[in-house]
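Order of the sequence lines fixes the chain letters, A, B, ..., with proteins taken first and strands second; residue numbering starts at 1 for each chain.
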Amino acid sequence: MKIASWNVNSLNVRLPHLQEWLRAAAPDVVALQETKLEDSKFPDTVLAEQGYRSVFCGQKTYNGVAILSREAATEVICDIPGFEDHQKRVIAATVGGVRIINLYVVNGQAVGTEKYDYKLRWIDAVHGWLADELRAHPQLVVLGDFNIAPDDRDVHDPLIWNDDSILTSTAERAALRRLQSLGLHDSYRLLHTDGGQFSWWDYRAAGFRRNLGLRIDLVLVSEALRGRVVAAGIDREPRLWDRPSDHTPVWIELGA
DNA sequence: ATGGTAGTCTAACTA
């Protein structure tokens, strides 16, 4: 079972890329972030023609998440239960016996801002909810755009991306570690220890050409799934295509 | 070239 995550930065613009990538990569499940589409405009008919069912939770202009799957998704939930939030950043569903939790984590803009506080509060709410989800669904995958680079191997320059920078600050990394302490393992790190493997590059300053990236798109797996991760990777190819998203797909393969 | 680019939407916000 191949499970992937991709922040498409507007599904309206990126639909051709998504379709091309689905053909090439043939994932069983894909979590999308930043669809930026109201539910009435989601291209579920087109995707169904390609063999993927869609569940989605969107809004105009910002945010928006979706899960595409070859098999039907059940037990679909939007938003974090009990957490007041107008931003559509969460969708969860069960596919083929695996609980899939798709997160578009708050960016946070800059350390010390209101948005940064919202980011930390938001992750704290996710933490409480995931503890419940893990009890109900031991076979759990939490994936998406985490907007946090776990450690210095995951940034192009640790002097720039330091303890005081957004996406790498001490409190953000501590919040991520706290999520992982629920028993959620960074599947890329189960199989690879190399640095310099990124999933996002800023559009500005020729970030991709100069490989000025971060690894902020993650696939976390529960203890029960840990031993089933037979492959994990980052697919840089779509970042080379014309008019790309600033993120590229990340994926894992779960064996039997 | 006084920060660069992209998306949404046409001013300014978010990333």
**OP:** Name the nucleic acid region contacted by Arg209(A), choosing base, sugar-phosphate or nothing; use a 4.0 angstrom heavy-atom cut-off, strictly under.
**Re:** nothing
**OP:** With DNA chain B as reference, determine whether Val106(A) or Thr61(A) sits nearer its 5' end, using the nearest nucleotide of each.
**Re:** Thr61(A)
Original post:
Is it the case that Asn7(A) and Glu34(A) place a side-chain donor and acceptor less than 3.5 Å from each other?
Top reply: yes
Could you run down the sub-3.5 Å N/O contacts of the protein with nucleotides 2-4 of chain B?
{"unit_1": "dG4(B)", "atom_1": "O6", "unit_2": "Arg204(A)", "atom_2": "NH1", "d": "3.4"}

**OP:** Check the distance between dT10(B)'s C1' and Lys60(A)'s NZ and give it to me in whole angstrom.
**Re:** 13 Å
Original post:
Expressed in whole Å, how much space separates the P atoms belonging to dT10(B) and dT14(B)?
Top reply: 15 Å
**OP:** Can you tell me the distance, in whole Å, between the CG atom of Leu212(A) and the P atom of dT5(B)?
**Re:** 14 Å
**OP:** Would you indicate what Tyr104(A) reaches in the nucleic acid, counting non-hydrogen atoms under 4.0 angstrom: base, sugar-phosphate, or nothing?
**Re:** sugar-phosphate
Original post:
Over how many whole Å does the gap from Leu15(A) atom CG to dG7(B) atom P extend?
Top reply: 14 Å
Subject >> Asp154(A): partners by salt bridge (Lys or Arg N to Asp or Glu O under 4.0 Å), with sequence neighbours left out >> reply: Arg189(A), Arg215(A)
Original post:
In whole angstroms, how far is the P atom of dT14(B) from the CH2 atom of Trp200(A)?
Top reply: 17 Å
Original post:
Which sits closer to the 5' end of DNA chain B, Lys36(A) or Tyr62(A), going by the nucleotide each is nearest to?
Top reply: Lys36(A)
Subject >> d(CD1, Ile148(A); P, dA15(B)) in whole Å >> reply: 14 Å
Original post:
Taking the P atom of each, how far is dA15(B) from dA1(B), in whole Å?
Top reply: 32 Å
Subject >> Arg14(A) side chain near dG7(B) phosphate (N/O to OP1/OP2, under 4.0 Å) >> reply: yes
Original post:
Starting at CD of Glu114(A) and ending at P of dT14(B), how long is that distance when rounded to a whole Å?
Top reply: 11 Å
**OP:** Check whether any side-chain nitrogen or oxygen of Ser10(A) sits under 4.0 Å from OP1 or OP2 of dT8(B), and answer yes or no.
**Re:** yes
Original post:
Partners of Asp163(A) by salt bridge (Lys or Arg N to Asp or Glu O under 4.0 Å), sequence neighbours excluded?
Top reply: none
Original post:
Would a line drawn from the ring center of Trp21(A) to the ring center of Trp6(A) be shorter than 6.0 Å?
Top reply: yes
Original post:
Between atom CG in Asn63(A) and atom P in dT8(B), what is the gap in whole Å?
Top reply: 13 Å
**OP:** For Asn9(A) and dT5(B), give me the distance from atom CG to atom C1', rounded to whole Å.
**Re:** 11 Å
**OP:** Would you tell me whether His156(A) and Trp201(A) have side-chain atoms, one donor and one acceptor, within less than 3.5 Å of each other?
**Re:** no
Original post:
Do any side-chain nitrogens or oxygens of Lys115(A) fall under 4.0 Å of OP1 or OP2 in dT14(B)?
Top reply: yes
Subject >> Between Tyr116(A) and Ser169(A), a side-chain donor and acceptor under 3.5 Å >> reply: yes
Original post:
Does any donor atom in the side chain of Asn9(A) or Ser245(A) lie under 3.5 Å from an acceptor atom in the other side chain?
Top reply: no
